[in-house]
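Here is how names work: the chains are called A, B, and so on, in the same order as the sequence lines, proteins then strands, and each is numbered from 1. All of these numbers come straight from a predicted model, not from anything done at the bench. No hydrogens, no waters, no symmetry mates; every other heavy atom, side chains included, goes into these values.
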Amino acid sequence: MPSETLSTPASDPQTRLEAALRQAIVAVLGPEYADADPVVRPSQNPQFGDFQCNGAMALGKQTGMKPRELAQRIVDAVELAPLAETPEVAGPGFINITLRTESVAELLEAADDEHLGVTPDPDPHPVVIDLCAVNVAKQMHVGHLRSTIIGDALARVFERRDRLVHRENHLGDWGLPIAMVLHQLREEGRDFSTLDLPALDAAYRAAQLGGRNDERGLAAARRLGAGPHRIIELEEQNDSAADTIEAAKRTLVKLQGGDAELDRQWHQLIDCTLASLYDALAILEVKLGPENNRGESFYRDRLPGVIDAFAAAKLAREDDGAMVVPFEDRTRPLLIRKSDGGFLYATTDLAAVRFRAQELGASRVIYVVDARQRDHFRDVFDAVRLMDWHRTPDGVEAELVHIGFGSVLGTDKKPLKTRSGANVTLRSLLDEAVERGTAEVQRRAGDPNAPTHGLPDEELREIGRAVGIGAVKYADLSNDLVRDYVFDMDRMIAFEGDTGPYLQYAHARICSIFSKAGVALGSGRGPALDAKTPFVIAADAERTLALTLLRYGAVVADVGRVLEPHRLCAYLYELANAYSSFYQQCPVIKADDEATRQSRLRLCDLTRRVLADGLDLLGIPAPRRM
RNA sequence: GCGGGUGUAGCUCAAUUGGAUAGAGCAUCGGUCUACGAAACCGAAGGUUGGAGGUUCGAGCCCUCCCACUCGCGCCA
């Protein structure tokens, strides 16, 4: 695979071992096995060497050879010098590989530049990441937090590998709900220039309560055997007045018709919501701004075209006055136009996928939206594929992915609520995180021996914010996205264990060594020290640290492939651990001789830069003192 | 009723996609500082991976059937 060779980092031993073993497999079994995966993995247990190759066993089964014998023949054929020692066959057919100490030092040398072993992604197409997606006039809550920070982290990973990323904030800024809020506020006679988000949120709720009426929906739900919850919900809605919704529809028609006053008020609504959003994003250090806004209203003129195209392709049919797209493998179709002629969010999503592949040219379109919408995206993606709309201008089939993340639960394992039972707003959650982080930092700065002792209060508060936000983000990103997770501020803010603050601490401690040693820290990802003195890898802890550092590029590539930020978290935690052990066992400043001291300083420097870079990919700041 | 997700140590979570003895962190117990930052390190203890079958050299992971919890299921987004 030439593209893979191009992107092979010189510093990544695993990729190089794979290439060599692949060659050996071809030499033993013939060219038809050129695509066979040698299955090279870092060894779990030091007694099995640094890496192990597990491919011989599967190939043994395929070819009918004895796995152990095949493994031995691969070992005889493989050329790993000077990278590794002679491999050993063990167990049913494992091949254990130990790197030569000299080559570990050489690989480190190759990783010690501004790339840190990270390689460019060979795919030249942009990536679209749909994230955040706040609703106008609605209070942001913890669900938006997840979507935003997961999406931002993934975007950073792609950008780090030189992909162009379109962060798409698909604002809920159009349609009947917005019209209802507008109508509600006008009825109340509100001054649109003095709105704030709580007032908008209240109007939103009032409008929702006043305007639910859904006879057809209820009938359909009954007919199709919807769950009892859904039926009850719809019945309750039906008890409300129907007049409001008619008025809101008239408001929407006026807005669509370009009514000047309404249009101005609509923009005021949006601006008010966005001001609050930008506020939260600034605290969170999420790279998202006005340039990323492409809400539902952007697609409003494209919606009729969606219906027409499906109709023309005979992929949609009328049903009970509505327009639906049926699927072969499931009974429930996708509803794309209501019986009253109105469009739905599915219609908008169809238009959006089409736009993102065909006009933005994205080869991956990634939706970071909570898991409850899994069925919806399955339907939308399948409908898009029926139309073949998921194609870039140069004909590449775009991968459509929904990253359905789990819910945020309280420590009682139920959806996160305040003590009074209200939804937790994003803002209150962020305020608490910053407050807790600041309190911890200030408390420790009280210790006369602490490096933060005597820092100006303003600086301590800034560090406290970084710690609080780092804690929340790391807690969110460090477990598997699909699972629900328990939000426990006490646990995540703790400075012990697998937390954001622990990683920040490891980073700060390295910075401290440099100030003690009188060596200036570099800026950016480049090395702080000149590379005059070579790496010397002698102690076990040095070797473990070195091997961990060499994995960084592969981890970043991996996270971009499988879209699982928690792997990066696990890696960084492992790196911080490897560093702590090294730090414990290997004196740096007080090393026995100058060559060792220089080598260890370089190890510290490289570790610091990888930690800082990895944390940056997670969107977590890395203060130099804390 | 149909469909999806989840189930791993007391608690919170991993397990490189089928690999060797299932790993971490909290909490518990025991060691390490007149300090290159102890916000750390080293160690101990803790498991029938919800249950039962099956596939194979090998299963937490794949297949079948159960159980529990949870989310979703046409005119909201």
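- Contact between the side-chain N/O atoms of Arg491(A) and the OP1/OP2 oxygens of A27(B) is not found at any separation under 4.0 Å.
- Look at Lys413(A) and you'll find a side-chain N or O under 4.0 angstrom from OP1 or OP2 of U12(B).
- Comparing A20(B), U6(B), C57(B) by their closest approach to the side chain of Arg483(A) singles out U6(B).
- Side-chain N/O atoms of His566(A) include one lying less than 4.0 angstrom from OP1 or OP2 on A15(B).
- To the nearest angstrom, C1' of G4(B) lies 14 Å from CG of Asp329(A).
- Sorted by first and then second residue, the pairs that involve residues 45-62 of chain A and meet salt bridge (Lys or Arg N to Asp or Glu O under 4.0 Å), not counting sequence neighbours, are Asp50(A)-Arg543(A).
- With hydrogens and angles ignored, no donor-acceptor pair closer than 3.5 Å exists between the side chain of Asp349(A) and the base of A77(B).
- Nearest to the side chain of Asp498(A), among G25(B), C36(B), A77(B), sits G25(B).
- Here C61(B) is in the anti range [glycosidic angle more than 90° from 0].
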Between the protein and nucleotides 40-46 of chain B, list every N/O to N/O distance that falls short of 3.5 Å.
residue: A40(B); atom: OP1; partner: Phe495(A); partner atom: O; Å: 2.9
residue: A40(B); atom: O2'; partner: Arg509(A); partner atom: NH1; Å: 3.4
residue: C41(B); atom: OP1; partner: Tyr502(A); partner atom: OH; Å: 3.0
residue: C41(B); atom: OP1; partner: Asn577(A); partner atom: OD1; Å: 3.0
residue: C41(B); atom: O4'; partner: Gln584(A); partner atom: OE1; Å: 3.4
residue: C42(B); atom: OP1; partner: Ser581(A); partner atom: OG; Å: 2.9

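- Look at Asp173(A) and Lys138(A) and you find no salt bridge, because none of the NZ, NE, NH1 or NH2 atoms lies under 4.0 Å from a carboxylate O.
- Applying the salt bridge (Lys or Arg N to Asp or Glu O under 4.0 Å) rule to pairs touching residues 333-346 of chain A yields Lys249(A)-Asp340(A), sequence neighbours excluded.
- Not counting sequence neighbours, Gln139(A) has no partner by the side chain to side chain donor-acceptor pair (under 3.5 Å) test.
- Every residue two or more places apart in sequence or in another chain that forms a salt bridge (Lys or Arg N to Asp or Glu O under 4.0 Å) with Asp130(A) is listed here: Arg356(A).
- Ring geometry for Tyr345(A) versus His376(A): interplanar angle under 30°, hence parallel rather than tilted (30 to 60°).
- For Arg317(A), the salt bridge (Lys or Arg N to Asp or Glu O under 4.0 Å) test picks out Asp319(A), with sequence neighbours left out.
- By the side-chain contact (heavy atoms from CB on, under 4.5 Å) test, Glu69(A) pairs with Lys66(A), sequence neighbours left out.
- Look at CG on Asp379(A): it is 15 Å from P on A77(B), rounded to the nearest Å.
- When rounded to the nearest whole Å, the span between CG of Asp370(A) and P of G72(B) equals 9 Å.
- The side chain of Asn135(A) has A77(B) as its nearest neighbour among A14(B), G19(B), A77(B).
- Following rounding to the nearest Å, His402(A) (NE2) and G5(B) (P) show an atom-to-atom distance of 13 Å.
- Applying the side chain to side chain donor-acceptor pair (under 3.5 Å) rule to Asp201(A) yields the partners Arg205(A); only residues at least two apart in sequence or on another chain are considered.
- You'll find that the side chain of Ile513(A) is closest to C36(B), out of C75(B), G19(B), C36(B).
- Residues from residues 47-56 of chain A placing a heavy atom under 4.0 Å of any atom in RNA chain B, listed by number, are Gln47(A), Phe48(A), Gln52(A), Asn54(A).
- One finds no side-chain N or O of Lys61(A) lying less than 4.0 angstrom from the OP1 or OP2 phosphate oxygen of U56(B).
- Between Glu440(A) and Arg444(A) there is a salt bridge, since at least one side-chain N of the basic residue sits less than 4.0 Å from a carboxylate O of the acidic one.
- Taking for each of Ala570(A) and Phe343(A) the nucleotide of RNA chain B with the nearest heavy atom, the 5'-most of the two is the partner of Ala570(A).
- A residue-by-residue look at Glu296(A) and Val562(A) shows that Val562(A) has its nearest nucleotide of RNA chain B further toward the 5' end.
- Note: NE2 (His376(A)) to C1' (G5(B)) measures 18 Å, nearest angstrom.
- Candidate nucleotides C57(B), G37(B), A77(B) were compared by shortest atom distance to the side chain of Ser512(A), and G37(B) ranks first.
- Between Lys338(A) and the phosphate of C76(B), there is a side-chain N or O to OP1/OP2 separation shorter than 4.0 Å.
- Judged by distance alone, the side chain of His453(A) and the main-chain N or O of Ala445(A) form a donor-acceptor pair under 3.5 Å.
- Rounded to whole angstrom, the span from the CZ atom of Arg332(A) across to the P atom of C73(B) amounts to 8 Å.
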Bracket string, RNA chain B, 5' to 3' - pairs by Watson-Crick or G-U geometry under 3.5 Å, | interstrand: (((((((..((((.....[...)))).(((((.......))))).....(((((..]....))))))))))))....
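- Applying the salt bridge (Lys or Arg N to Asp or Glu O under 4.0 Å) test to Asp490(A) and every residue at least two apart in sequence or in another chain returns Arg436(A).
- Using a 4.0 Å heavy-atom distance criterion, Gln14(A) is classed as making no nucleic acid contact.
- Under the salt bridge (Lys or Arg N to Asp or Glu O under 4.0 Å) criterion, no residue pair touches residues 499-521 of chain A, with sequence neighbours excluded.
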